[in-house]
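So you know, we letter chains A, B, ... as the sequences are listed, proteins then strands, and number each from 1. Side chains included, hydrogens not; waters and symmetry mates left out as well; all remaining heavy atoms used. Quantities reported herein were computed from a predicted structural model and do not represent experimental measurements.
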There are 2 protein chains.
Amino acid sequence: MERPIENYGDYLVKHHIRPSYARMKILQYLVTEKNHPTVDEIYHTLVKRLPTLSKTTVYNTLELFKDAKLVKQINIEENTARYDATVSDHGHFKCQGCGRIYDFTVDLDGMKAAGLEGFQIEEKNVYFKGVCPKCL
Amino acid sequence: MERPIENYGDYLVKHHIRPSYARMKILQYLVTEKNHPTVDEIYHTLVKRLPTLSKTTVYNTLELFKDAKLVKQINIEENTARYDATVSDHGHFKCQGCGRIYDFTVDLDGMKAAGLEGFQIEEKNVYFKGVCPKCL
DNA sequence: ATATTTGCAAATAATTTGCAGTCGA
DNA sequence: TCGACTGCAAATTATTTGCAAATAT
């Protein structure tokens, strides 16, 4: 079960990241929206209330969050990265009709994989593509 | 069980693709190398023996193959697509040490996914990241 | 002859980099 | 003050597009 993150600053500090304003806003956006945004979406949403924000900072911050394992990069699109702050195991479904990305529950640990004896697995990713009920 | 593709031309024709020389060479490369190449790798390898080849043709051809389900695009890298002609269900493992991409066997059908009732699933993808035995 | 395929060059899009200015302990 | 953080602009890289030339049926 997940807990809402009350204080983004503390959360960052716990992960050894200095809680600048931009970083807290970006983290808050990811955590509250849960919409698997692209860099562009993050930037354009936040720049409205934080006019000095630059895309470079969004890129820098996401890189930092990735290293600290606070967010995961999602490679479900052909040519742009999306980001996800949810830590629990789940897969992503991309609807080829509307483009929306849905979460679903998947048992990553229970997944039977053969041929990786002696490999050190650090990260497991699952994504599906198809058509969502709304588009059917 | 898979059968080796003896004749790339016939194979293309069966899939309603006109067997131009470039297309056959690209298909042959994918099928024989099984190395999950990028567009660049395909282009640079083939242009040595096929000097008139252009990257545009590689892109066009891969798009065509994708539509015909002859190849799958792999989004395991951050910013470049890789391609795979193997049709059987398998996952990909990327070693963060050497960058090599390994295949492994995974039971995609047996994968338990909850929360996708009413969704039409057309494609399932699994990829892991970590460190391979050689790099450990 | 006609449609398809190809290739060049330019355009677009995402991301990275260099560097200078700013901010905070 | 000093190092970390930010932001602009330029550079880089992957991919797409427009169109004309080549090719195949």
Side-chain angles (χ1 to χ4, degrees), chain A residues 8-10 12-13 15-29 36-68 70-84 99 101, chain B residues 8-10 12-13 15-29 36-68 70-84 99 101:
Chain A
Y8 300 103
D10 287 357
L12 288 177
V13 170
H15 289 269
H16 313 104
I17 294 173
R18 293 162 88 156
S20 75
Y21 192 61
R23 287 169 180 175
M24 288 192 289
K25 294 309 271 181
I26 292 170
L27 177 62
Q28 178 189 44
Y29 179 77
H36 320 94
T38 62
V39 165
D40 232 64
E41 286 163 3
I42 298 169
Y43 171 73
H44 280 110
T45 304
L46 294 184
V47 79
K48 291 175 193 157
R49 308 203 146 264
L50 188 51
T52 65
L53 185 68
S54 75
K55 255 188 204 180
T56 306
T57 296
V58 179
Y59 276 106
N60 287 341
T61 302
L62 290 169
E63 204 54 39
L64 201 63
F65 288 179
K66 264 166 61 180
D67 290 347
L70 299 188
V71 308
K72 255 178 109 172
Q73 178 171 332
I74 303 174
N75 297 323
I76 200 170
E77 304 279 1
E78 314 275 85
N79 37 23
T80 84
R82 293 184 170 276
Y83 297 86
D84 187 341
I101 290 173
Chain B
Y8 300 103
D10 287 357
L12 287 177
V13 170
H15 289 268
H16 313 104
I17 293 172
R18 292 162 87 157
S20 75
Y21 193 61
R23 287 169 181 175
M24 289 193 288
K25 292 311 269 183
I26 292 170
L27 177 63
Q28 178 188 44
Y29 179 76
H36 319 96
T38 62
V39 165
D40 233 63
E41 287 163 3
I42 297 169
Y43 171 75
H44 281 109
T45 304
L46 294 185
V47 79
K48 291 175 194 158
R49 306 202 144 267
L50 189 51
T52 66
L53 184 68
S54 75
K55 258 190 202 178
T56 306
T57 296
V58 179
Y59 275 106
N60 287 341
T61 301
L62 290 170
E63 204 55 37
L64 201 64
F65 288 179
K66 264 165 62 180
D67 290 347
L70 299 189
V71 308
K72 256 180 109 171
Q73 180 172 330
I74 303 174
N75 297 322
I76 200 171
E77 304 278 1
E78 315 277 84
N79 37 24
T80 82
R82 292 185 169 275
Y83 297 86
D84 187 342
I101 291 173

* Structure fact -> Its 5'-most and 3'-most nucleotides having an atom under 4.0 Å from a non-hydrogen atom of chain A, DNA chain C is contacted over C:dA14 to C:dT17

* Asked: Listed in order of residue number, which residues of residues 46-64 of chain A have a non-hydrogen atom at under 4.0 Å from DNA chain D?
  -> A:T52, A:L53, A:S54, A:T56, A:T57, A:N60

* Asked: How long is the span from the CD atom in B:E77 to the CZ atom in B:R82, to the nearest 0.5 Å?
  -> 4.5 Å

* **Inter-end axis angle, the helix from C:dA1-D:dT25 to C:dA25-D:dT1, with every axis fitted to five base pairs (rounded, 10 degrees)** => 20°

* Contact list for DNA chain C against residues 74-83 of chain A - heavy-atom distance below 4.0 Å -> A:N79, A:T80, A:A81

* To the nearest 0.5 Å, how far apart are CG in A:L12 and CD1 in A:I26? -> 10.0 Å

* Structure fact -> Interatomic distance, CG@A:L70 vs CG@A:L27, rounded to 0.5 Å, equals 6.5 Å

* Asked: Got a second to check how far B:I76's CD1 is from B:H36's NE2, nearest 0.5 Å?
  -> 8.5 Å

* Asked: If you round to the nearest 0.5 Å, how far is OG1 of B:T52 from OH of B:Y21?
  -> 10.0 Å

I'd like a table of donor-acceptor pairs (distance under 3.5 Å, sequence neighbours excluded) in which one partner is a side-chain atom from residues 42-49 of chain A, with atom names and distances.
from, atom 1, to, atom 2, distance (Å)
A:H44, ND1, A:D40, O, 3.1
A:H44, ND1, A:D40, OD2, 3.3
A:T45, OG1, A:E41, O, 2.8

Would you tabulate the side-chain donor-acceptor contacts of residues 56-66 of chain B under 3.5 Å, counting partners in other chains and residues two or more places apart, or write 'none'?
from, atom 1, to, atom 2, distance (Å)
B:T57, OG1, B:S54, OG, 3.3
B:N60, ND2, B:T56, O, 3.4
B:T61, OG1, B:T57, O, 2.7
B:K66, NZ, A:E78, OE2, 3.0
B:K66, NZ, B:Q73, OE1, 2.5

* For the student: nearest non-hydrogen atoms of B:A22 and B:L50, plus distance -> CA-CD2, 4.2 Å

* Structure fact -> Taken to the nearest whole Å, CD1/A:I17 to P/D:dA4 is 15 Å

* Asked: What's the spacing between A:N79 CG and B:T80 OG1 if we round to 0.5 Å?
  -> 11.5 Å

* Asked: Please give, in whole Å, the distance from D:dT6 P to A:Y21 OH?
  -> 13 Å

